[in-house]
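Heads up: the structure comes next, in structure tokens.
Order of the sequence lines sets the chain letters (A, B, ...), proteins ahead of strands, with each chain counted from 1.
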Amino acid sequence: MKRFSLSETPFDTATLRAQLLDDRVGGYASFEGWVRNHNENRAVGGLRYEAYVALAEAEGQRILDEAMDRFAIVDAHCVHRIGDLAIGELAVWVGVSAAHRDAAFAACRYIIDEVKARVPIWKHEQYADGDAGWLHPDSR
Amino acid sequence: MKRFSLSETPFDTATLRAQLLDDRVGGYASFEGWVRNHNENRAVGGLRYEAYVALAEAEGQRILDEAMDRFAIVDAHCVHRIGDLAIGELAVWVGVSAAHRDAAFAACRYIIDEVKARVPIWKHEQYADGDAGWLHPDSR
Amino acid sequence: MALITVLYFASLRDAAGVASETVEAGGDLRALYEALRARHGFALPQDRLRVAVDGEFARWDDAVRSGSEIAFIPPVSGG
Amino acid sequence: MALITVLYFASLRDAAGVASETVEAGGDLRALYEALRARHGFALPQDRLRVAVDGEFARWDDAVRSGSEIAFIPPVSGG
């Protein structure tokens, strides 16, 4: 089952959420990452996400599979935008359903942390002062 | 600002979520509690939530105020259903927006834990076998 | 003696058979609960409850005040 | 020597000026990166990258295989 997706267009989280729910679900945790208007005190005008698509999809799926194995959850899904995004647009969404909230929270946190650390997606920020650049943070 | 509400009718989380977002928001964490079809191995047919409304609203607001004070978040809101709910209906929703995900997750978890522990709302479960009863779990 | 209104919720209301009642009482809130528990047969001991007066949480050794609205809060189960 | 395709992403692509190129190479993936780094002036040292072969993460001491597609993965910044 495909649980990690890249999307070149804005996507609807309500539809994605509905697909995770069934009668066994007591708790649903989600996380959304949005494009901020600043990053480390620099004013950001917009950004672009680029992915190594084949490997990003494989590694994302691996992370979601790990979450399904490690936590007592019912279902999980993550979608990451690629391409050009404006301030205030949704960049990444994680949704996790479970019988109980402990597992839902833990799996949701695991997925976003691992996606940010491992999936080959890169952020290119355009700053308000005209400067721009790729973000290559220190690896963990 | 009113950040905790009781609702006698189903409510729309997409609208509530939108109210929490602005250009400063980089992370949004949410939690939803749904009516499960079982509780401690008993099949549940439906349930009712009753509140001591005046005190529930005051204590809920206090919890949200605490979360705004304790965590580096932009905004937060919690809505709890009261009245009759069917299996699969949304019982409680928490949404938290922040610049960074650590604070969003921590505040979201704090709010749902404190609401469940402190707000005078009681669950009356109707079981598939015809039995029914109020849930009065051991206090922490 | 003070004339007060008592509110019952959840299993306490089921046991009392009413959502509220007006009673004459003296002493503190702990003594009030014990008297009402004896009258209505409440299963929950006082140390598993909280108590509120006029919509705010109160202390069990607060004195009963005439005209106040007193609520006994069984263990909550929202969420 | 093996004929391989190299994929560049993010700052590596900007520095190389191309998204991919075909090169002749021998030895292991570490030696390949060092050669390409010297040619294109990549700022990132090898120990801050990961490497993938044919869409799967690989080890730096894996030998270059003819016909393979090799990608150097700069520190990621999704989310």
CD/B:Glu89: more than 12 non-hydrogen atoms of other groups inside 6.0 Å: yes

Per-residue tally against chain B (heavy atom, under 4.5 Å) across A:Gly27, A:Ser97, A:Ala91, A:Gly95 peaks at A:Gly27

So which of A:Val35, A:Val44, A:Ile112, A:Asp23 has the biggest tally of heavy-atom pairs under 4.5 Å with chain B? A:Asp23

Using a cut-off of 6.0 Å, state whether more than 12 heavy atoms not belonging to B:Glu66 lie near its atom CD. yes

Side chain, backbone, both or neither: which part of A:Ala29 has a non-hydrogen atom closer than 4.5 Å to chain B? both

Would you say that A:Asp113 contacts B:Arg101 through its side chain, given a criterion of any heavy-atom pair below 4.5 Å between the two side chains? yes

Nearest heavy-atom pair of A:Arg24 and B:Asn37: which atoms, and what distance? CA-OD1, 4.2 Å

Quick check on B:Asp102 against chain A: is it the side chain, the backbone, both or neither that has a heavy atom closer than 4.5 Å? both

Top residue by heavy-atom pair count (under 4.5 Å) with chain B, among A:Leu21, A:Asn39, A:Val96, A:Val92? A:Leu21

At what distance, to the nearest 0.5 angstrom, does CH2 of A:Trp34 lie from OH of B:Tyr28? 9.0 Å

Which value, rounded to the nearest 0.5 Å, describes the distance between B:Thr13 atom OG1 and A:Arg17 atom CZ? 4.0 Å

